[in-house]
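As structure tokens, the structure follows; a few thoughts come after it.
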Protein chains: 2
Amino acid sequence: MDALDGRLIELFAREPRIGVLEASRRLSVARGTVQARLDRLVGDGVIRGFGPEVDPAALGYGVTAFVTLQIRQPGGHDPVAERLARIPEVLEAHTITGGADMLCRIVARSNADLQRVIDGVVAVDGVERASTAISLATQVPYRTLPLVRAATGTG
Amino acid sequence: MDALDGRLIELFAREPRIGVLEASRRLSVARGTVQARLDRLVGDGVIRGFGPEVDPAALGYGVTAFVTLQIRQPGGHDPVAERLARIPEVLEAHTITGGADMLCRIVARSNADLQRVIDGVVAVDGVERASTAISLATQVPYRTLPLVRAATGTG
DNA sequence: CGATATACTGGACAATCTGTATAGCTGCGG
DNA sequence: CCGCAGCTATACAGATTGTCCAGTATATCG
């Protein structure tokens with residue numbers, strides 16, 4: 001990861017459609033270089049992929065909430081996670097340190113719908129207790145560019 | 001959003017590189033249809049973009065933590081968010097309901113480095129208190145495909 | 001110091017894809 | 001019954017991709 005990698009990622013983040021050739025022009029390097037760098041970044045897992053980023057809100061799921069769970073320990077976390085994964089509205093789940101055992105991000109169509117989703121979560125076998133915090137506003141939307149810049153000494 | 005949209009998103013999520021033409025072949029529809037659908041999905045904001053997904057862990061930031069903040073109310077949330085946004089390791093920040101005022105996702109290079117990042121967060125003017133939960137494992141990685149399927153009645 | 005490996009440049013090629021446009025067909029709503 | 005919207009099928013020029021190659025500079029190693 002050097003500065004060129006950083007600029008490359010930034011460029012593609014800003015204008016994903018430009019393609020390798022145009023990118024090489026913008027960065028003033030040979031096309032083969034861009035191609036090689038990109039292949040390496042993907043190969044190393046730095047870039048997970050170029051999939052479409054779907055906005056849950058545009059799909060009608062305008063309510064986001066963070067739910068912390070307390071798990072009945074005997075079973076362990078994995079079986080719980082496996083069942084949580086079956087709920088489409090559970091976008092993400094982590095085991096965490098601290099008072100709670102897991103933290104998940106869920107979405108719902110409305111506050112009323114949120115109740116339904118939460119019911120689905122607490123109905124998961126092994127979940128003892130759930131505590132919900134609704135996201136009122138996304139002050140900083142998920143991003144990684146500043147981190148890339150920090151890591152590569154770019155911009 | 002109908003089933004074709006769902007299959008289209010799923011296809012591009014699985015193999016982002018295939019291109020419009022190949023996608024039209026896979027879905028057995030005309031190329032123009034795929035192009036029109038894609039344009040509409042992007043136009044409607046359902047698909048935010050096709051930017052590279054960067055893995056912070058591959059960049060050396062292997063530690064993820066969720067920090068809940070209590071904010072000194074007089075200033076409001078926005079100035080705090082604005083300052084949090086300047087910290088590259090803050091990947092995301094929300095204002096939330098419940099005991100705490102904000103929840104942010106941060107990353108760091110190590111547990112020791114996490115201390116540095118948290119110090120940076122609590123140093124933000126307006127932050128009264130911070131409570132950190134380290135992510136031990138990502139049981140369900142961030143995903144939206146199941147939601148797309150649920151919303152479109154796909155597979 | 002000399003030899004080898006690595007990365008980048010600049011160029012070439014065929015095959016493919018994109019952007020864009022047209023015309024005809026079909027189902028739905030007025 | 002008519003018109004509109006969405007889809008199919010097709011066309012074409014221009015651009016891009018995947019893949020080579022040779023030459024050069026920088027770095028590494030013995």
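Chain naming here is simple, since letters A, B, ... match the order of the sequence lines and numbering starts at 1 in each.
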Interface with DNA chain D, restricted to residues 23-30 of chain B and to heavy atoms under 4.0 Å: Val29(B), Ala30(B)
Rounded to the nearest Å, what distance is computed from the [atom1] atom of residue [X] to the [atom2] atom of nucleotide [N]?
X	N	atom1	atom2	result
Gln35(A)	dG10(C)	CD	C1'	14 Å
Ile18(A)	dT18(C)	CD1	P	16 Å
Asp39(B)	dG19(C)	CG	C1'	10 Å

May I ask you to verify whether the side chain of Arg31(A) and the base of dG11(C) hold a donor-acceptor pair under 3.5 Å? no
Are [X] and [Y] ion-paired here, with the side-chain N under 4.0 Å from a carboxylate O?
X	Y	result
Glu92(B)	Arg143(A)	no
Arg83(A)	Asp78(A)	no
Arg116(A)	Glu89(A)	yes
Glu10(A)	Arg7(A)	no
Glu22(A)	Arg17(A)	no

Pair Val46(A)-Ile9(A), side-chain contact (heavy atoms from CB on, under 4.5 Å): steps then yes or no: CA-CA 10 Å; Val46(A) 174; Ile9(A) 290 176; 4.2 Å; yes
Between Val20(A) and Val34(B), whichever has its closest DNA chain D nucleotide further toward 5' is Val34(B)
Which sits closer to the 5' end of DNA chain D, Thr33(B) or Leu21(A), going by the nucleotide each is nearest to? Thr33(B)
Can you tell me if Asn111(B) and Gln115(B) form a side-chain donor-acceptor pair at under 3.5 Å? no
Side-chain donor or acceptor of Thr95(B) paired with backbone N/O of Ala137(A) under 3.5 Å: yes
Arg37(A) vs dA7(C): side-chain N/O to OP1/OP2 distance below 4.0 Å: no
Between Val42(A) and Phe50(A), is a side-chain contact (heavy atoms from CB on, under 4.5 Å) present by the stated rule, with each step listed? CA-CA 10 Å; Val42(A) 172; Phe50(A) 289 86; 4.3 Å; yes
Within the structure shown, what part of the strands sits under 4.0 Å from Glu22(B) by heavy-atom distance: base, sugar-phosphate, or nothing? nothing
With a 4.0 Å cut-off (strictly under) to non-hydrogen atoms of chain A, the first and last hit nts on DNA chain D, 5' to 3', are dT16(D) to dT19(D)
